[in-house]
Amino acid sequence: MNFFKIYTEAVIRRPVVSLISAFLCCILFLVAAKDVRFNNNFSVLFAVDDEANHYRDFYRTEFGADDGLLMAIIRPETVDEAFFQKLETVTTLLESQIFFKRIISPVNSSVIRNDGVDDEISVDPIFYHFADELTLDEKMLLLRQADTTAGRLVSLHANTFAVLAQMPTQLDSYKKIKQPAEFFQQEIIRMFENTADIHFAGVAYSRIGILDLMHQDLFVLVPLTAIIVAIMSFVLFRTLAVVVINAATIVFSISATLGLMGLNGDDINQLTITFPVLLMVIVVANGIHFYHRYFRELEAGKSVSDAVLITAEQVSKAAFLSCLTTAIGFFALLTADMPILRSFGFYLGCGVLMAFVGLCTIIPASLQLMQPVKHQSQNHKQLAWVDTMVAFLMRPRCRRWVMLSGFLSLVIGAMVASTIQYDYYLKDMLSENHPQVIASEIADKELSGAFPMEISLLGKAGDFKKADNLKNILLMQDWLASHGMGDNALSLAQILKTLNKAVTGEDQAPVSDAAVAQLLLLAEGSSDDIVSQLVNFDYSHTRIRLYGTDQGAAALIELQSQFERYANALMQGSGITVKMTGEAPVAYHGMNKLARELMNSVFIAIVFIVITVQLVFRDIRLSIASIFPNIIPIILGLVFYRLSGQSLNPLPGIAFCIAIGIAVDDTVHLFVRFNEELALGKERQQAIKDAVYEVKGALFSSSFILISGFLVFLLSGFSWNRDLGYLGAVLIVIALAADLIFTPALLSISASKPADKLVADTES
């Protein structure tokens, strides 16, 4: 029983009913998707059910969200009393807002100083309504020396100042932080416009910039890609019917995927936001084969009804297998540890299968109703060189060289690719001239940096009132400084060391627990509650807060490993555990894990695809032939990254997933047509030549449209999308070349199964 033939005949017999059914399904899908939103919670990108992420959540409840810091970098034309009066005014205004937990500014941060007259020690701001006899120059000198401000809020060598706004922990998504961030930005600009150069930095602003670009691309580049695909489709076939049918199948596939998300109570996240483009790619790639075959049958003298029937029956087989293998590629992501990858794989895999339903329902019914006959010729005489090349590659001697070169390419490429490094930089997601990148560079150059780092020390109640433990914290700060990450760090130990120097003249931490207790009485009286910013109420949990430069995930993870070994060895026997935590290490570890799991899933998918091809066609040569066009683009892409010195981030994994889908589509359509030619009684070599002759136009046409669609992303302001555009286009070119070079050579090996056996296997 041929299911495809039965289904095709039912669709063609009642095309209006079929299209109305598809339309009603779209409506139902969209109703189910009415509550689907964009989930812009940042933590979903690296959320893993592991100890590091749980500890990060615990730490945030104690000390707040380090990724919730807004940083304004202010470089005034003139540093005078008027500037500081403005700074006091805007600081007071920001402190009154409920969506800021704390404002940290040069004018409200405590400065430890000895008045030099009666040796009175004060721990209070030197601005902000505290009148004294200090001159402005003396105040600036104190700001550049104070632990709380030096390098963090005031540059040591330039007239650059920073104001920080700490947002509450629950503000953890784009939607929640957008309003506070905009208010903070507007008030700073309003206060200092025309008198200062102003920039805004920090993880929060970088994320806002990234998600703004993602939203922009979703609503601009996706429609633009659809327009480009429509134009290319019209140019290739010269009929509006193809454009309309393509649009209908794309809408059906996207609606079905959104409906599934709605039924599952899920939202679109930062990975699944790419699904409209991916489904568009898959629908167009398979649709091109439908239209190409339909017009080829018309050119052969078939009637419209016969052309539709033959096309739908034969191409549906290949479309089913290509969609199935592509879905397997995405479903392989269900083996990942990261929820965001599992949802990406599940929804894209289901979307691909729904795309097949749309393809084999909407296209045959629409062709039967619209009956397009005026079209661009599909003879593709300009591709005659492909037939000549294939005939040459199938010669025994040449075939052996092709197979040997392919095998060596895989082996050598795999060896080179195995040494590739995984790395990720937050700033790489934005262009070099993006305001957040410029602001971060200024912070790195003129301040301590805009990249927050958190060191957590957790012990028992009272542990951080002990002199020995505070001394060890200072040693940790020295270690971090020697590794390029500890300049201008702030900790309770550092505050008490400075107080001890002011009281005793000794530049060291207090040497006894009694001295610590006395100094804490001074520190606890500060107007900005400096102690509570650095230690919890019972002194069982303290922090080292510092800012640095974005060194990338690999460097940070290595630094974290080395530091935690050193710090925990230093605290051995004290019962205190030391962890580098917060947004940076957890997120960077998660992004590197994301990249690794994407690549692992890509290779798992290849294995399952080859197994599926073997089960369907039951011919080991077809299974082997399916390996080369699937894996060579991946291997060559990895080799390019390795030889160019680039490291892998999650982007190539997404691009390689797409490449597998495209390569499999073309390979499967070639296999099915090859079996169809064998079924006509043709000798194997001739069947290969005729199969290539018949499908080459569709292969080139679909690849041309897909390359054009990907190149649209070069217009994106989001660097990941630009990289995805050119990488996707290059991988499609490589996949097409692999299909035309390796597949015919491998298929031509030895005698084949009887034609009737192959046909029976395919139909089963």
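Remember, predicted model here, so these are calculated numbers, not experimental data.
S322 contributes a side-chain N or O that, together with a main-chain N or O of A319, makes up a donor-acceptor pair within less than 3.5 Å. Between the side chain of S702 and the backbone N or O of L699, at least one donor-acceptor pair lies under 3.5 Å.
Looking at residues two or more places apart in sequence or on another chain, you find a side-chain contact (heavy atoms from CB on, under 4.5 Å) between F700 and L383, W385, V386, L736, L740. Residues that satisfy the salt bridge (Lys or Arg N to Asp or Glu O under 4.0 Å) test with K689, not counting sequence neighbours, are absent from this structure. Under the side-chain hydrogen bond (donor to acceptor under 3.5 Å, both in side chains) criterion, R673 pairs with E677, sequence neighbours left out. With sequence neighbours left out, Y294 forms a ring-ring contact (aromatic ring centres under 6.0 Å, His included) with no residue at all. Looking at residues two or more places apart in sequence or on another chain, you find a side-chain hydrogen bond (donor to acceptor under 3.5 Å, both in side chains) between Y7 and T361. The salt bridge (Lys or Arg N to Asp or Glu O under 4.0 Å) test applied to E9 returns no partner, not counting sequence neighbours. Residues meeting the salt bridge (Lys or Arg N to Asp or Glu O under 4.0 Å) test with K178, sequence neighbours left out: E182, D212. Contacts of S305 classified as side-chain hydrogen bond (donor to acceptor under 3.5 Å, both in side chains), with partners at least two apart in sequence or in another chain: Q368. Every residue two or more places apart in sequence or in another chain was checked for a salt bridge (Lys or Arg N to Asp or Glu O under 4.0 Å) with D306, and none qualifies. Partners of T612 under the side-chain hydrogen bond (donor to acceptor under 3.5 Å, both in side chains) rule, at least two apart in sequence or in another chain, do not exist in this structure.
Between I688 and P744, the closest side-chain pair of non-hydrogen atoms falls below 4.5 Å. N286 places a side-chain heavy atom less than 4.5 Å from the side chain of C323. For the pair M261 and F275, the minimum side-chain heavy-atom distance is below 4.5 Å. In this structure, F29 and L260 have side chains that are not in contact, with every pair of non-hydrogen atoms separated by 4.5 Å or more. In this structure, the side chains of I268 and L258 come closer than 4.5 Å at one or more pairs of heavy atoms. Residues T311 and H292 fail the side-chain proximity criterion, which asks for heavy atoms closer than 4.5 Å.
Applying the side-chain hydrogen bond (donor to acceptor under 3.5 Å, both in side chains) rule to pairs touching residues 241-257 yields S233-N246, N246-Y291, sequence neighbours excluded. A side-chain hydrogen bond (donor to acceptor under 3.5 Å, both in side chains) check over residues 339-357, counting only residues at least two apart or in different chains, returns the pairs N264-Y347, D266-Y347, N269-S343.
V308 and P364 get closest at one heavy-atom pair: CG1-O, 3.7 Å. The shortest non-hydrogen separation linking V283 to L359 is O-CD2, 3.8 Å. Taking all atoms of both residues into account, the shortest heavy-atom contact from I362 to F252 is CD1-CB, 3.8 Å. Closest non-hydrogen pair, L369 versus P15, comes out as CG-CB, 3.7 Å. Nearest heavy-atom pair, L731 versus P633, reported as atom, atom and distance to 0.1 Å: CD2-O, 3.3 Å. Residues I228 and S708 come closest through the heavy atom pair CG2-CB, 3.8 Å.
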Evaluate the side chain to side chain contact (heavy atoms under 4.5 Å, CB included) criterion for residues V242 and F295: first the C-alpha distance (whole Å), next the side-chain angles of each, then the deciding distance (0.1 Å), finally the verdict. CA-CA 11 Å; V242 169; F295 290 124; 4.1 Å; yes
Apply the test salt bridge (charged side-chain N to carboxylate O under 4.0 Å, His left out) to residues E676 and R293: give CA-CA distance (whole Å), side-chain angles for both, the deciding distance (0.1 Å), then the verdict. CA-CA 13 Å; E676 191 178 340; R293 180 64 180 267; 2.5 Å; yes
Could you go through the side chain to side chain contact (heavy atoms under 4.5 Å, CB included) check for L279 and I250 one step at a time? CA-CA 7 Å; L279 289 182; I250 289 171; over 6 Å; no
Would F320 and C360 count as a side chain to side chain contact (heavy atoms under 4.5 Å, CB included) if you check the C-alpha gap in whole Å, the side-chain angles of each, and the deciding distance to 0.1 Å? CA-CA 9 Å; F320 171 72; C360 62; over 6 Å; no
Intermediate values then yes/no, side chain to side chain contact (heavy atoms under 4.5 Å, CB included), M370 and T239: CA-CA 11 Å; M370 302 173 74; T239 175; over 6 Å; no
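Note: I310 CD1 to E297 CD = 4.5 Å, rounded to the nearest 0.5 Å. Here L714 contributes atom CG and Y726 contributes atom OH; the two are 9.5 Å apart, rounded to the nearest 0.5 Å. One distance of note links OG of S701 with CD1 of I288; it measures 6.0 Å at 0.5 Å rounding. Note that the CG atom of L727 and the CD1 atom of I732 stand 10.0 Å from one another [nearest 0.5 Å]. Rounded to the nearest 0.5 angstrom, D739 CG and I734 CD1 are separated by 12.5 Å. With values rounded to the nearest 0.5 angstrom, R14 atom CZ is found 13.0 Å from I12 atom CD1.
Within a 6.0 Å radius of NZ in K682, more than 12 heavy atoms belonging to other residues, nucleotides or ligands are found. A 6.0 Å sphere centred on CZ of F392 holds no more than 12 heavy atoms belonging to other residues, nucleotides or ligands.
Between H669 and H289, the angle of the ring planes stays under 30°, which puts this pair in the parallel group of the 30/60° scheme.
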